[in-house]
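Some notes on the structure that comes next.
Per chain, numbering begins at 1; letters A, B, ... match sequence-line order. Note that these values count all heavy atoms, side chains included, but never hydrogens, waters or copies made by symmetry.
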Amino acid sequence: MAFLKRSPWILHYDASSCNGCDIEVLACLTPLYDVERFGIINTGNPKHADILLITGGVNSQNRPVVRNLYEQMPEPKVVIAVGACAATGGIFRECYNIAGGIDKVIPVDVYVPGCAARPEQIIDGVVAALGILEEKRERMAGGARMKEEAGETT
Amino acid sequence: MNRIMGAVIFLILAPLLGGLIAGIDRKITARMQGRVGPPILQPFYDVGKLFEKEKVVVTTAQNFYILAYLIFIALSGALFFAGGDLLLIIFAFTLAHVFLVLGAYAAHSPYSHIGAERELIQVMAYEPVIILTAVGFYMVTGSFYVVDMATTTIPVILYLPGVFLGLAAILTLKLRKSPFDISTSHHAHQEIVKGVTTEFSGSTLGQIEIAHWYENIFLLGIVYLFFAWNPVIGIIAVAVTYAAEIFVDNVTARVRWQAALKSGWLAAALGIANLAILSYMVYGGA
Amino acid sequence: MGLFEMTKTVLQNLVRGPATRRYPAVPARTTPITRGHVVFDPATCRSCALCSKRCPCVAIHLDKEAKVWEINRMRCIACGDCVESCPFGSLAMEQDYLPPTEEHVVDSYTITYVKPERPAKKPAEEGVDA
Amino acid sequence: MQTLLFLILFPILVACLLLFVKRTTSRYAVVVLSALAIGGASIYLLMRYAFEGAVYFAAPSETASLAMVAIEMALALFIIYMGAKFRNYLAIGLAVVQAALVVYLEMTFSENLHAINNLFIDQFSIIMALIIGIIGSLIAVYAVRYMETYHHLHPEVRDRQGTFFFVVFAFIAAMFGLVFSNNLLWIFFFWEVTTITSFLLIGYAETEEATKNAFLALVMNLLGGVAFIAAIIYLVAAGPASGGIDLAAVLASGDAAIILIPAVLIGFAGITKAALMPFSSWLLGAMVAPTPVSALLHSSTMVKAGVYILVRFAPVFAGTLAGVSVGLVGAVTFVVASAIAISQSNAKLVLAYSTIANLGLIAACAGVGTHMLVWAAILLIIFHAVAKSLLFLGTGAVENRIESRDIEDMEGLIVRMPKMAVMMFIGIAGMFLAPFGMLISKWAAIEAFVQVPFGIVFVAILAYGSAVTVFFWAKWMGKLITVIRGVEQIEKGFFEEPWIPLYIITGLVIAAAFLFPVISSMLIEPYVLVIYGVTAGLAQTNVAIMLLMMALLLFLPLSFALFRKSAKRLPAYMGGRPATADLHFEGSLGMTREAQTRNYYLTTCFGEARLFRPGAAVCIILILASWAFAGVAL
Amino acid sequence: MTVNEEQTTINIAPGDLLREVGALNSDGYRLVQIGCTDVGGAYEVNYSFDKGYQFRNLRLTVEPETEIPSISDIYWGAFVYENELHDLFGITVTGINIDFKGTFYRTDEKYPFSVTRRGGDRCQDV
Amino acid sequence: MPGRIVVPFGPQHPVLPEPIHIDLVLEDELVVDAVPSIGYIHRGLEQLVQKREYPEYVYVAERICGICSFMHALCYCQGIEHIMGIEVPDRSRYLRTIWSEYSRLHSHLLWLGLFADAMGFENLFMRSWQLRESVLDISEDTTGGRIIQSTCKVGGVRRDIGQDKLDEIHRGLDSFEEDCRDLGKVFLNDETVKYRLKGLGVLSKDEAYTLGSAGPTLRGSGVASDHRETGYAAYGELGYKAVVETAGDCYARCAVRVRELYSSIDIIRRAIEGMPEGPIDVKVKGAPDGEYFSRVEQPRGEVVHYLLGNGTKHLARARIRTPTFANIPALVKMLPGAQLADVPIVVLSIDPCISCTER
Ligand code: SF4
Ligand code: SF4
Ligand code: SF4
Ligand code: SF4
Ligand code: SF4
Ligand code: SF4
Ligand code: SF4
Ligand code: SF4
């Protein structure tokens with residue numbers, strides 16, 4: 001059964017956003033958008049999270065942090081890049097301290113365009129991510145089953 | 001035989017009921033905040049999800065303690081619904097919590113460590129009230145056995161209003177609700193991240209959640225005992241108490257540990273005052 | 001007594017019901033001037049390159065030779081500067097938002113504008129380097 | 001009776017022998033053999049007398065009594081000499097007073113100083129004898145290796161191991177004497193011997209601090225001694241009505257009014273010896289002594305002499321306000337000492353405070369003195385002795401290995417010294433967790449206190465006290481089982497022999513939890529029955545449940561295998577900050593820092609500075625109140 | 001109640017800095033900012049102060065290798081600006097009360113704002 | 001005394017909305033040392049002036065931060081206008097004032113929410129952010145963007161607000177003010193909130209002043225310093241008096257912001273009432289040559305844009321000193337002595353915005 005789709009917990013990290021997308025991510029939690037309707041909780045802890053929501057492009061300081069957070073999340077997990085900055089660096093792309101989009105550091109599954117991305121767009125992004133999350137889960141479960149079977153035959 | 005049935009029914013139904021209550025709780029909370037809130041069954045989805053996730057640990061030992069935590073919480077609840085000795089149940093309950101704390105210690109992570117310390121402060125804060133509750137019941141019903149408390153015809157609440165208030169106060173602590181959710185909180189934004197549960201994930205976190213459901217049912221069971229002479233009133237009282245807890249959760253800020261400890265101990269003092277008057281009535285009158 | 005000051009709000013919320021906008025069941029709130037995304041009309045663009053010059057994100061790329069006008073959707077910040085700068089009204093700002101995607105999106109258009117018969121004066125902008 | 005005499009005299013022989021054994025190996029052999037003999041004899045005692053109730057022996061009297069007086073005088077002279085040497089005039093004064101009182105007693109009432117039976121044994125004595133005989137001798141065995149390492153680590157301390165073991169065995173002999181004597185004068189004599197041995201052992205290191213603390217202990221114990229002898233004089237002076245110096249007769253004498261005053265005085269002596277507030281400081285100071293001394297004297301046995309005498313007098317206290325006051329001294333001590341334990345990070349001090357607290361609890365039970373409470377008190381004595389000795393010895397072993405007795409330095413012991421950690425873990429669990437013994441006794445105590453007038457005060461104190469107890473033990477436990485990385489196991493290469501006593505005591509802690517129904521029904525309940533005519537005990541179902549929990553606990557670690565494989569390991573959450581496995585992270589200002597996890601000590605709430613004075617003040621008032629109540633009763 | 005804002009800029013020599021700043025401090029000015037501009041071969045460092053919306057700016061022009069003294073003894077909070085000065089421009093400031101020693105911003109490239117020090121402008125490839 | 005706890009606090013942490021790292025050294029839960037480190041959001045956008053022409057740089061300036069976005073644009077534009085000697089039309093000054101104050105409302109409500117969140121008061125967080133949404137709605141209705149307005153430009157504003165809309169906004173202000181006052185009451189009167197805030201992170205008047213603090217952090221300590229008093233935009237005509245509290249603790253800083261909600265509403269109301277007719281922009285030709293320290297009062301305090309033009313379309317230097325940057329020393333001073341549980345509150349009490357701090 002796929003409970004995963006009904007209970008995605010997100011971890012939000014600001015990898016040098018201008019706050020614009022950040023606060024829209026937060027706005028999703030608040031009464032007007034209330035993503036808890038979809039079982040979404042904003043956990044502050046990578047070990048509990050299923051979805052990593054990143055705003056802002058990465059700079060070199062943030063590189064290891066982003067990677068660390070990503071690694072700390074248990075499988076299956078997806079990454080959503082929210083906003084133009086997280087996708088490509090956006091308006092700051094040419095700044096000396098911006099390396100570019102999040103995909104320079106970790107694999108990104110969903111890009112949410114916009115500057116700032118609207119709460120509705122972010123919700124859409126999460127919904128899109130759920131599909132990918134479910135696929136990954138099935139692959140993982142399949143992998144485990146295959147491993148088991150392999151174990152039995154040997 | 002009856003008593004074993006009680007235990008079995010608890011072991012099976014408590015997680016279901018506990019999860020449901022958690023779901024209703026979240027829904028009401030959301031409504032109080034002007035939101036729609038999650039589906040009522042959300043807690044089950046969450047736990048189901050957790051069991052689907054990969055197991056991740058800092059150290060393998062940590063999960064062992066959580067299993068022990070779950071087992072002993074379930075055990076103390078089962079003993080309760082089997083009508084056992086309330087003091088013994090309380091001690092089993094404490095033992096369970098010590099296991100939770102040990103799990104957090106074992107992980108050796110700064111945040112779970114601080115969470116563990118705070119959880120211990122919580123235990124220290126609520127323990128006196130819980131013990132006094134048992135003692136209070138004894139003074140009124142003449143027995144430490146839950147089975148006698150549950151079948152009593154005395155309206156216990158009339159004798160123990162202070163103890164009941166004390167218990168209601170520490171219930172906030174136990175349900176991990178504001179203002180006393182110091183060691184870990186369902187609400188994400190806490191200075192100590194997720195406190196005790198920081199390093200637990202996947203099915204282990206699910207176990208903690210289930211243990212919490214067991215625990216809540218057990219605690220509500222204690223609340224019920226105050227009104228046990230009339231089951232209807234009892235169930236209403238439990239609902240009202242829980243609703244009051246949700247309400248308080250929604251209208252208060254989280255306090256520091258100092259205040260949590262002080263409140264817990266003051267709640268106990270209230271209970272003591274109640275019992276002192278009662279004991280004066282018993283011995284003074286005799 | 002300052003305890004439980006929040007009570008009034010809580011009760012109000014309970015009575016009034018949730019304030020939630022039930023997106024996606026209810027469409028997103030937009031206004032006529034909402035800046036959603038840029039649309040391009042290949043039929044009127046005269047390849048003046050003003051838009052790509054003004055764009056603060058360098059999201060627009062114009063290849064005059066190949067007659068290709070491209071916009072990198074992942075860079076565009078929907079500021080609308082290009083729309084304002086286009087002297088020929090080839091650009092417009094639509095209210096609706098772009099959906100999330102799994103890949104970077106670069107929309108590419110082939111400019112179909114043909115110079116009218118009457119030889120027109122070369123626009124000055126053509127002299128500007130890109 | 002031979003066994004009794006053997007147990008008293010044989011250790012003295014061994015003690016003298018050990019004065020002359022210089023090599024560690026031969027000393028070890030001697031100690032092990034005598035430990036076997038003593039332990040064996042105590043078990044024989046158990047089998048021989050367990051079902052007999054109280055048995056009295058006339059036993060040698062005149063000569064022995066004379067010898068005792070002589071030794072007492074000699075000891076007084078020794079104290080005066082030491083007092084003069086270190087300029088402790090208070091000690092001299094008290095010794096002089098005490099000697100004078102003894103002389104006065106001997107001179108004035110010489111014709112009354114006869115007990116019909118000088119020795120006796122009953123179930124309570126058997127329990128005490130088992131504790132002394134088994135735990136005491138195990139500690140002695142452990143001490144041999146410990147002292148060797150100790151001198152290795154502390155070259156500055158003069159090596160006087162001969163004397164050391166002489167005193168240790170002398171002490172064991174005295175303890176046996178104390179619990180077997182039915183003659184109050186004899187009890188007093190042995191009482192004084194334990195005072196002196198304690199003085200000698202605390203001062204062993206001969207540092208300024210050690211000497212100071214030794215004198216502190218001496219002075220406080222002498223104070224108790226003065227009260228003791230005063231009580232005897234009072235009893236004797238009161239004539240036959242009081243029962244004179246025959247313990248059994250005194251306890252049996254119906255005239256509560258008359259014996260209440262001596263009871264309170266002897267209770268006071270018990271309070272000093274058991275280091276209840278305000279006299280707790282001597283026990284804390286005693287922690288400068290080598291760890292086996294702490295284990296032997298200050299946790300498992302000597303302080304038990306104090307509560308032993310209190311429990312003996314419990315029937316006298318029962319139902320009197322004086323008794324309630326004495327009990328309250330214990331109760332207040334329990335809660336205050338437990339609270340202070342929170343603020344301590346020195347393992348030995350935590351153990352010391354916890355000891356004080358538990359002795360307080362026992363005293364509380366004894367003071368109120370109903371049959372249930374006496375039952376609980378004896379249970380407490382047993383469980384405390386085993387668990388606490390394990391913890392002391394464990395701490396000592398760890399200290400010799402990691403060269404620190406700070407709890408913080410024991411972090412990750414489960415990785416560094418796994419066996420040791422498990423043993424200490426069990427010891428700590430024994431101190432406060434269900435289904436281990438201490439908790440059972442506490443539980444019984446609560447149930448018992450509810451049923452007496454003023455019980456609610458005790459229950460309240462107990463409720464707070466046990467809450468506090470959970471805190472300081474659990475955090476220590478947490479330190480032990482924290483799994484740290486990047487350290488090596490350092491258990492190997494450590495002397496193997498000291499482990500054997502540790503293993504045995506660990507076994508005893510678990511066995512005690514399993515066997516407590518047997519112990520209770522075989523020894524404690526009959527004892528209580530004889531005295532009160534009713535007896536106590538836990539309901540069968542509860543016992544069964546406890547045993548079930550115990551079994552569950554033992555079984556659970558097996559599930560460990562379950563977790564071994566599947567999980568993926570990731571480093572701890574460090575705020576996203578990249579960190580190494582051993583918790584070093586890149587900190588501000590470009591420094592690499594280590595995330596440290598220290599326990600909370602809550603000093604502002606529970607500090608010694610904050611709690612000791614009020615606690616002591618309350619206890620002094622209560623002690624005075626107990627005297628006043630006793631006086632009024634007269 | 002509307003107050004008119006005035007801005008004045010005074011050029012001072014590095015040696016006078018501490019004296020001038022001290023004087024402003026005792027005059028009751030608060031520190032608004034310290035900023036810097038690379039004017040090609042030299043740096044213009046602006047120390048800005050304010051009192052009742054009157055804006056005083058002390059301007060120091062220094063050569064690349066000149067060390068400037070920290071004013072953090074006078075204005076405790078100056079350390080943030082001075083660390084920034086060092087990290088973005090490579091100017092050595094001596095005696096800062098909390099010296100991050102180049103770990104304040106930890107930029108990818110050192111001294112990104114200092115054309116002089118880097119010897120020409122470089123851009124991120126797009 | 002037993003040792004200390006060392007905790008890496010951040011850069012990712014649930015109560016820190018933005019990445020900042022603090023090495024926290026604790027004794028039990030008492031903070032004995034706190035060393036921050038930043039640089040997680042440093043982008044280097046000041047340097048973009050070399051790549052964007054000065055009119056386009058407004059879009060960059062807006063994204064110095066997404067919260068006081070409008071204020072940055074305003075400050076930048078006013079600076080350029082001052083250098084170039086441009087007089088903007090009256091109506092645009094009034095419109096700028098209205099948007100500024102809406103930004104402030106949005107920012108303060110946002111902050112109040114986060115602040116409540118730091119205290120573990122979830123419902124209050126939700127309520128603050130719910131109110132904030134109505135501000136965002138107005139922002140979207142009048143500028144086309146919820147967060148980033150993109151409406152200020154050199155020489156005026158890009159969009160007008162029609163009279164209908166102005167009237168509608170004006171009508172809505174009353175009920176909005178009532179909601180804000182209800183919200184304010186919780187922050188200022190609730191016992192649990194007071195328990196968390198009073199006496200925490202005290203900054204004396206002297207300290208606040210010499211540490212160079214800005215905004216509510218400064219005003220909460222009793223210093224009346226609010227750049228609106230200099231009368232830029234339309235504040236000259238409308239008049240403004242700084243809101244001041246004297247206690248210098250977190251409660252005072254919170255109170256300043258709560259009361260500024262009311263004063264902002266008041267300004268908006270009067271700005272709408274006094275709105276002059278006329279054009280909204282002037283044509284801008286040429287390029288700036290000269291320098292200016294442009295200052296504007298943001299929600300977090302005074303921001304300084306130092307602009308240096310050299311007569312080309314590209315500025316020679318833009319240097320932005322933001323209020324949070326100025327408040328960091330105060331933060332470093334306030335943390336030791338607080339409890340761990342109070343760290344988020346103390347940190348938030350300066351309303352830290354790392355985005356603009358690091359630029
Ligand atoms: S995409 Fe826009 S709003 Fe989002 S972080 Fe980047 S600049 Fe800010
Ligand atoms: S809307 Fe702005 S960012 Fe997007 S293409 Fe146009 S000018 Fe560029
Ligand atoms: S400004 Fe308009 S006409 Fe010129 S290239 Fe762009 S879209 Fe085409
Ligand atoms: S540091 Fe350790 S080894 Fe040294 S004297 Fe103290 S206890 Fe003994
Ligand atoms: S084209 Fe690139 S390298 Fe050349 S000046 Fe422009 S930004 Fe710099
Ligand atoms: S400076 Fe280093 S070694 Fe010294 S006490 Fe502190 S942490 Fe330990
Ligand atoms: S404090 Fe704010 S930014 Fe941080 S996790 Fe909570 S809602 Fe998100
Ligand atoms: S102070 Fe904060 S909200 Fe304002 S511009 Fe700076 S980052 Fe943005």
Requested in this report: Under 4.5 Å, heavy atom to heavy atom: which of residues 336-348 of chain F reach chain B? Give them by number, or say none.
Outcome: F:Q339, F:L340, F:A341, F:D342, F:P344
Query raised in the report: Any side-chain heavy atom of F:N123 within less than 4.5 Å of one from B:T29?
Result: no
Requested in this report: Work out which heavy atom in B:Y111 is nearest to a heavy atom in F:F9; give both atom names and the distance.
Outcome: OH-CA, 3.4 Å
Query raised in the report: About how many Å separate CZ of F:F121 and CG of B:D249, when rounded to the nearest 0.5 Å?
Result: 9.5 Å
Report task. Sort F:M126 into side chain, backbone, both or neither according to what part of it lies under 4.5 angstrom from a heavy atom of chain B. Result -> side chain
Requested in this report: Could you grab the distance from atom CG of F:L26 to atom CD1 of B:I114, nearest 0.5 Å is fine?
Outcome: 5.5 Å
Query raised in the report: Mind checking whether B:Q33 and F:R127 have side chains closer than 4.5 Å, heavy atoms only?
Result: no
Report task. Using atom types as modelled and distance alone, determine if a side-chain donor or acceptor of F:R196 lies under 3.5 Å from a backbone N or O of B:R254. Result -> yes
